[in-house]
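Keep in mind the model is a prediction, meaning the values are calculated, not measured. Here is how names work: the chains are called A, B, and so on, in the same order as the sequence lines, proteins then strands, and each is numbered from 1.
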Protein chains: 2
Amino acid sequence: MEQTTSEKILDIAQSLVVAGGYNGFSYADISDAVGIRKASIHHHFPTKAELVQVLVDRYTQRAESGLKSLREHVPGPVEQLQAYLNYWQKCILDASEPFCVCAMLAAEIQMLPEPVAAHVRRHFENLAAWLTSVLKAGVEQKLFRLARSPEEEAQILMASVHGAMLSARALGDPNLFAAIVGPQIAKLRA
Amino acid sequence: MEQTTSEKILDIAQSLVVAGGYNGFSYADISDAVGIRKASIHHHFPTKAELVQVLVDRYTQRAESGLKSLREHVPGPVEQLQAYLNYWQKCILDASEPFCVCAMLAAEIQMLPEPVAAHVRRHFENLAAWLTSVLKAGVEQKLFRLARSPEEEAQILMASVHGAMLSARALGDPNLFAAIVGPQIAKLRA
DNA sequence: ATTAAACTACCTACTAGTAGGAAGATACAA
DNA sequence: TTGTATCTTCCTACTAGTAGGTAGTTTAAT
């Protein structure tokens with residue numbers, strides 16, 4: 001076996017959350033997709049809240065280590081930012097992950113179990129912090145010229161990314177993501 | 001009577017959709033809030049799909065006439081744009097409508113009944129068209145200087161608005177909306 | 001012998017939706 | 001003006017199906 005049942009469950013659950021949010025899927029849906037009985041899923045994840053909590057935790061950890069390795073292995077701030085956006089562009093174009101799990105859950109954050117909501121909030125904070133640090137580095141190297149503080153520009157950029165995902169989804173046009181986000185980074189260049 | 005039962009149902013349903021999306025509420029929730037039996041709601045709206053369809057239709061019509069009257073009654077393009085953003089800023093700050101109904105539904109558009117999805121899509125198109133026409137007028141009057149075409153800048157602006165709503169909600173900070181969207185219009189000024 | 005992981009079978013609560021009837025208002029003809 | 005038919009709105013009572021979750025058992029590997 002190359003993938004544990006728990007991982008299969010989490011993968012399926014994640015794609016279901018991306019498609020329809022917290023209330024958009026059931027244990028029965030996972031059961032069908034994984035090929036396991038409903039009760040067996042409860043063996044791995046006693047409650048739905050716990051399942052989604054683990055799912056979001058895994059997601060944020062992966063995101064954080066992914067962003068960290070971009071900062072370490074990609075040469076300059078401009079390229080780091082571009083690599084981040086390329087990642088999403090690819091995910092959206094090939095429909096492998098057409099929406100951010102945390103963005104989806106953020107929309108319904110009022111209805112989420114508190115621990116899940118807290119994880120979602122933290123992902124937004126982490127992403128904003130990462131963008132801020134990349135922008136700061138870019139300013140120091142005179143690669144970016146910002147109209148506002150790095151913190152503000154990071155918030156603007158993050159909002160653009162999420163908004164672009166939403167527009168691409170709403171209008172059924174995957175290319176819209178790059179069309180929206182591309183010009184936004186161009187505007188930051190010195 | 002100053003508000004019909006149907007309108008009450010639609011109002012409640014709308015606030016429930018804004019809070020938790022299509023799958024985030026039930027007829028029982030509406031029943032509790034309106035003070036009417038579940039079956040009576042089915043008298044006014046036979047199915048949930050029809051209810052949400054009417055709800056979205058009402059929403060898009062109101063939005064369209066609201067935007068239209070902004071163009072007619074507010075002096076210049078800059079002020080029209082600002083008035084649109086002020087409207088949302090107010091809705092978010094006083095929590096009267098902390099998220100756009102169609103943005104919420106767009107996130108789960110894959111799971112929506114087709115007629116509802118079509119209405120949501122059209123709202124995005126209408127809003128983009130309105131923003132485009134405002135930007136065009138602003139360029140003609142030399143009030144805006146755009147880096148890209150009005151169509152592209154309109155898409156960017158719309159995405160910023162939706163992304164800003166999401167960030168404000170995710171981070172629980174209503175002021176974040178204006179902090180994100182404000183600088184975006186400033187950048188368009190000539 | 002233990003333990004993890006799967007199963008069958010079930011529970012309660014809730015889902016959207018239906019059937020049929022009661023109360024009241026409106027219309028209209030005798 | 002009364003009787004009656006109709007329409008609207010809401011009700012009680014119900015259905016079939018699905019939700020998340022539990023109890024107890026089998027299977028199989030350690």
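For the pair B:I41 CD1 and C:dT18 P, the interatomic distance rounds to 14 Å; values are reported in whole Å. Rounded to whole Å, the distance from CG on A:N23 to P on D:dT18 is 17 Å. Separating the CZ atom of A:R37 from the C1' atom of C:dT8 is a distance of 9 Å, rounded to the nearest angstrom. Atom CD in B:E50 sits roughly 13 Å away from atom C1' in C:dA16 (whole-Å rounding).
Of the residues listed (A:H42, A:H44, A:H43), the one engaging A:Y27 in a ring-ring contact (aromatic ring centres under 6.0 Å, His included) is A:H42, and it is the only one.
Contact detail for B:R148 and A:A186: the closest heavy-atom pair is NH2-CB, 3.8 Å.
Annotation: side chain of A:H123 is not in contact with side chain of A:V56 (no heavy-atom distance under 4.5 Å).
Here D:dC11 is the nucleotide among D:dT8, D:dC11, C:dA5 with the atom lying nearest to any side-chain atom of B:S40.
Contact between the side-chain N/O atoms of A:H43 and the OP1/OP2 oxygens of C:dA6 is not found at any separation under 4.0 Å. Contact between the side-chain N/O atoms of A:H44 and the OP1/OP2 oxygens of C:dA4 is not found at any separation under 4.0 Å.
Under the rule for a salt bridge (charged side-chain N to carboxylate O under 4.0 Å, His left out), the partners of B:E153 that lie at least two apart in sequence or sit in another chain are A:K187.
For the pair A:K48 and A:Y22, the cation-pi test (distance below 6.0 Å, angle within 45°) is passed.
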Report, one line per pair, each donor and acceptor closer than 3.5 Å where one atom sits in a side chain of residues 171-185 of chain A; sequence neighbours left out.
from	atom 1	to	atom 2	distance (Å)
A:D173	OD1	A:N175	N	3.1
A:Q184	NE2	A:S160	OG	2.8

- request: Using a 4.0 Å heavy-atom cut-off, write out nucleotides 19-30 of chain D from 5' to 3' as B (base contacted by protein), S (sugar-phosphate only) or - (no contact).
  value: SBBBB-------

